[in-house]
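Since the structure comes first, as structure tokens, the remarks are kept for the end.
Side chains are part of it too, since the values below use all heavy atoms of this structure and drop only hydrogens, waters and symmetry mates.
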Amino acid sequence: MSEPGGRARRVAIITDGNGRWAQARGLDVAAGHRAGADVVKARLRDAVEFGIEELTVYSFSTENWSRSAEEVTALMRMFSERILGETPELKDEGVRMRFIGRRDRVAGALLEQMDWAEAETASCDRITLFIAFNYGGRAEIVDAAARFEGGSEEDFRRLLYAPEMHDPDLVIRTSGEIRTSNFLLWQSAYSELVFRDELWPDFSREAFRAALDEYEARTRRFGGR
């Protein structure tokens with residue numbers, strides 16, 4: 001059975017290109033990550049206006065620990081600052097925050113801040129922002145499989161990091177790279193994919209709308225004809 005794409009209600013984004021954006025401007029990579037974080041906030045607000053109900057962003061992967069200690073430290077510091085500084089604002093705007101990923105290797109203080117942000121925004125229902133932090137799609141499946149005692153796909157889904165997450169209608173990747181990079185491997189089995197050339201800090205409202213328009217123009221078959 002085929003059906004038109006319709007409006008994307010659940011969108012996931014691989015926010016790629018912060019480092020290259022900074023390098024092209026002669027800035028340190030931390031400046032690129034700060035610019036990228038600003039764009040996440042701006043596109044989140046656009047997502048609300050576009051009628052999106054769930055937005056998932058790839059913030060820090062399990063593979064990102066291989067980056068320089070200086071970059072990882074700066075990322076962790078920025079992540080902490082953003083959680084503490086922006087959670088009250090996001091709560092006022094009706095944004096529910098959920099962090100998905102492994103909790104190992106993450107500093108205890110940062111984990112406490114993540115838990116606090118989730119608790120503070122738990123009753124918000126305008127949009128859910130899933131933040132994939134210390135996340136890998138294979139790791140998520142391995143972690144679920146370790147606890148799986150048999151049953152259906154739905155039984156397995158309940159063991160994922162956020163079993164309440166719906167499968168994304170659309171996965172967007174920026175920066176011109178054409179791969180999914182271990183992101184939402186289970187959930188994106190039937191997602192439409194859109195690849196954009198913009199580096200993430202340059203991903204504008206107009207680029208977001210164009211990606212959504214491309215999705216809406218497609219026909220989804222889900223294995224049928």
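Although no hydrogens or angles enter the test, the distance criterion places a donor-acceptor pair under 3.5 Å between the side chain of Arg157 and the main chain of Met165. Arg98 places no side-chain N or O within 3.5 Å of a backbone atom of Glu118 that could act as its donor or acceptor partner. Of the possible donor and acceptor atoms, one in the side chain of Asp169 sits under 3.5 Å from a partner among the backbone N and O of Arg9. Between the side chain of Ser188 and the backbone N or O of Ser191, no donor-acceptor pair lies under 3.5 Å.
Note on Glu214 versus Arg196: no salt bridge recorded, every NZ/NE/NH1/NH2 to OD/OE distance being 4.0 Å or above. Salt bridge Arg45/Glu89: present, at least one basic N to carboxylate O contact under 4.0 Å. Ion pairing of Asp115 with Arg103 is present here, as a side-chain N (NZ or NE/NH1/NH2) and a carboxylate O approach within less than 4.0 Å. Using a 4.0 Å cut-off between a side-chain N of Lys or Arg and a carboxylate O of Asp or Glu, Glu53 and Arg10 qualify as a salt bridge.
Distance check, rounded to the nearest 0.5 Å: CG of Leu159 to CD1 of Ile141 gives 12.5 Å. Distance CD/Glu49 to CZ/Arg209: 11.0 Å, rounded to 0.5 Å. The distance from the CD atom of Glu93 to the SG atom of Cys124 is 10.0 Å, given to the nearest 0.5 Å. Put simply, CD1 on Ile100 and CG on Leu184 are 5.5 Å apart, with the number rounded to the nearest 0.5 Å.
Using a 4.5 Å heavy-atom threshold, the side chains of Leu193 and Arg173 count as separate. Side chains of Glu140 and Leu185 form no contact here, defined as non-hydrogen atoms less than 4.5 Å apart. Residues Phe79 and Phe133 have side chains in contact (heavy-atom distance under 4.5 Å, counting atoms from C-beta outward). Two residues are said to be in side-chain contact when any heavy atoms from C-beta on lie closer than 4.5 Å; Arg43 and Arg205 meet this criterion. Residues Trp21 and Thr174 form no side-chain contact, since every pair of their non-hydrogen atoms from C-beta on lies 4.5 Å or further apart.
A donor-acceptor pair shorter than 3.5 Å can be found between the side chains of Arg20 and Ser175.
Here the rule is side-chain contact (heavy atoms from CB on, under 4.5 Å) with Val95, and of Leu129, Leu55, Thr87 only Leu129 fits it. When each of Val194, Ile52, Ile13 is tested with Leu170 by the rule side-chain contact (heavy atoms from CB on, under 4.5 Å), just one qualifies, namely Val194.
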